[in-house]
A.B. asks: 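Before we start, here is the structure in question, set down as structure tokens.
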Number of protein chains: 2
Amino acid sequence: MNINTATRTPGRPREFEIEAALDKAIVVFSERGYHAASISELKDAMGLAAGSLYKAFKDKKAIFLASFDRYKQVRNALLEQQLAEGENGRDKVSRMLRFYAEASHGDNGRRGCLVVGTAIELAVYDADAAERVDRSMARSEALFDSLIREGQADGSIPQAIDPAATARLLLSVTQGLRVLGKTGPNRDRAFSVVDTAMKLLD
Amino acid sequence: MNINTATRTPGRPREFEIEAALDKAIVVFSERGYHAASISELKDAMGLAAGSLYKAFKDKKAIFLASFDRYKQVRNALLEQQLAEGENGRDKVSRMLRFYAEASHGDNGRRGCLVVGTAIELAVYDADAAERVDRSMARSEALFDSLIREGQADGSIPQAIDPAATARLLLSVTQGLRVLGKTGPNRDRAFSVVDTAMKLLD
DNA sequence: CCTATTAGGGAACGATCGTTTCCAAATTAA
DNA sequence: TTAATTTGGAAACGATCGTTCCCTAATAGG
């Protein structure tokens with residue numbers, strides 16, 4: 001008998017952790033892209049047999065969407081952690097930009113962003129992918145907008161700034177950084193973009 | 001006997017124009033991406049049999065690289081045309097940004113940019129693709145830089161602006177616009193980004 | 001205990017991939 | 001005219017793709 005009876009389902013229990021497997025899949029999908037990432041590569045990276053993979057996920061697209069959702073969850077948590085340490089609105093905007101710059105150089109940069117990859121490779125002809133990309137972009141844009149307003153309320157950002165328009169520009173900058181990061185500019189060049197973008201808030 | 005004997009090679013002459021065929025391939029590669037674009041789709045779009053395709057190009061990658069080069073050639077010519085009509089440095093920077101904004105909404109936006117697509121899907125593990133992406137990005141950055149300096153020389157852009165840093169930022173903005181354009185924001189939102197970016201030159 | 005159910009894992013499947021082969025057609029050079 | 005060469009086009013190739021099947025193992029419920 002099992003202590004956790006209430007949450008257990010009949011049948012043999014799964015021997016691997018879904019989220020740990022998805023973390024491996026995220027790496028493969030990020031650096032190879034959706035189409036170039038084969039089931040063979042995925043099962044090797046995730047440490048599973050093809051049969052087990054298809055019992056946990058309906059098909060390749062389901063593996064991808066689950067990876068995307070996991071990626072967003074992890075990245076959002078890390079970002080919120082960074083923002084929580086911000087002193088005021090302006091500092092939080094700077095921290096958010098630096099969060100993207102940090103991810104846009106070196107190995108992380110070359111690995112790439114799953115959101116950008118999905119937008120480029122999948123969103124045009126897959127509605128599920130497009131919806132997730134749209135939601136992610138809208139969320140980032142809204143976050144920039146609210147941080148700018150917060151800065152205007154606490155006096156760290158001038159009232160003359162247009163929050164909505166500036167949020168859209170900063171969103172463009174972050175997505176652009178992710179593209180440039182794929183061919184790996186060095187750290188200084190990525191952060192130079194952040195410094196220059198912050199001048200918009202003077 | 002043929003008037004053009006000097007330029008003719010022995011054997012049956014090619015019955016289609018390479019550049020016209022590449023223009024069709026560009027559309028397929030742009031909206032599907034490299035891996036999702038099958039030879040079957042390409043030959044249909046280009047109006048060729050598989051055999052003919054492989055006599056004109058070594059392999060799929062060669063078709064892609066030729067499409068990329070053709071794409072860059074066409075886009076560069078269009079951009080230079082736009083820039084030639086600019087009144088001063090500042091106006092030329094604005095025109096360049098608007099050139100990208102125009103390509104980043106509606107059907108053109110959804111079709112996407114071959115440079116961005118190559119950076120995301122191919123550059124990480126294909127040296128030929130990476131080199132072309134790097135060259136394209138470096139060229140755009142250098143162009144922004146020179147246009148800003150031109151503006152500083154003709155008085156349309158303040159001396160306090162840092163040309164190199166600002167050029168890097170504007171490059172990020174344009175590449176970001178291309179990403180956002182894949183899920184199709186409307187025209188006004190794309191151009192709002194241009195207007196806000198231009199404030200960096202005040 | 002037995003039955004139902006689910007997971008692990010590898011073999012096998014049809015489909016499609018990129019590519020090559022083959023033959024007829026069209027051209028140049030001699 | 002003949003030989004050499006190249007293209008057009010369709011059929012065929014092996015490889016790999018995503019997916020399913022099948023058998024064994026492990027669990028819950030009765």
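Letters go in sequence order (proteins before strands), and every chain restarts at 1.
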A.B. asks: List the residues meeting side chain to side chain contact (heavy atoms under 4.5 Å, CB included) with A:Ala197, not counting sequence neighbours, and say none if there are none.
C.D. replies: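 For A:Ala197, the residues satisfying side chain to side chain contact (heavy atoms under 4.5 Å, CB included) (neighbours in sequence not counted) are A:Leu97, A:Leu170, B:Leu169.
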
A.B. asks: Starting at CZ of B:Phe57 and ending at P of C:dT20, how long is that distance when rounded to a whole Å?
C.D. replies: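 Atom CZ in B:Phe57 sits about 15 Å away from atom P in C:dT20.
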
A.B. asks: Using a 4.0 Å heavy-atom cut-off across all strands, classify A:Phe16 as base, sugar-phosphate, or nothing.
C.D. replies: sugar-phosphate

A.B. asks: Quick one: list whatever passes side chain to side chain donor-acceptor pair (under 3.5 Å) with A:Ser30, sequence neighbours left out.
C.D. replies: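 So A:Ser30 forms no side chain to side chain donor-acceptor pair (under 3.5 Å) with any residue.
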
A.B. asks: Polar pairs (N or O, both sides) under 3.5 Å between protein and nucleotides 9-12 of chain C?
C.D. replies:
{"unit_1": "C:dG9", "atom_1": "O6", "unit_2": "A:Lys55", "atom_2": "NZ", "d": "2.9"}

A.B. asks: Using the test side chain to side chain contact (heavy atoms under 4.5 Å, CB included), find all partners of A:Glu102 that sit at least two apart in sequence or belong to another chain.
C.D. replies: A:His105, A:Arg187, A:Phe191

A.B. asks: Name all residues meeting the ring pair (Phe, Tyr, Trp, His ring centres under 6.0 Å) criterion together with B:Phe64; count only those two or more places apart in sequence or in a different chain, and write none if there are none.
C.D. replies: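 Ring pair (Phe, Tyr, Trp, His ring centres under 6.0 Å) check on B:Phe64 returns B:Phe29, B:Tyr34.
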
A.B. asks: In the 5'-to-3' direction, what one-character label does each nucleotide of nucleotides 12-18 of chain D receive under the scheme B = base within less than 4.0 Å of a protein heavy atom, S = sugar-phosphate only, - = no such atom?
C.D. replies: -----SS

A.B. asks: Name every donor-acceptor pair, under 3.5 Å, that has one atom in a side chain of residues 48-59 of chain B and the other anywhere in the protein, sequence neighbours excluded.
C.D. replies:
{"unit_1": "B:Asp59", "atom_1": "OD1", "unit_2": "B:Lys61", "atom_2": "N", "d": "3.3"}
{"unit_1": "B:Asp59", "atom_1": "OD1", "unit_2": "B:Ala62", "atom_2": "N", "d": "3.0"}

A.B. asks: What about B:Arg12, does its side chain sit under 3.5 Å from the base of D:dT7 through a donor-acceptor pair?
C.D. replies: yes

A.B. asks: Using the side chain to side chain contact (heavy atoms under 4.5 Å, CB included) criterion, which residues pair with A:Asp91? Sequence neighbours excluded.
C.D. replies: A:Glu87, A:Asn88, A:Arg95, A:Arg98

A.B. asks: For B:Arg14, give me all partners under side chain to side chain donor-acceptor pair (under 3.5 Å), at least two apart in sequence or on another chain.
C.D. replies: none

A.B. asks: When you measure from the side-chain N and O atoms of B:Arg14 to the phosphate of D:dT7, is any distance below 4.0 Å, counting only OP1 and OP2?
C.D. replies: yes

A.B. asks: Could you pull out the closest heavy-atom pair between B:Pro163 and B:Asp145, with the gap in Å?
C.D. replies: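 Shortest heavy-atom separation between B:Pro163 and B:Asp145 comes out as C-OD2, 3.5 Å.
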
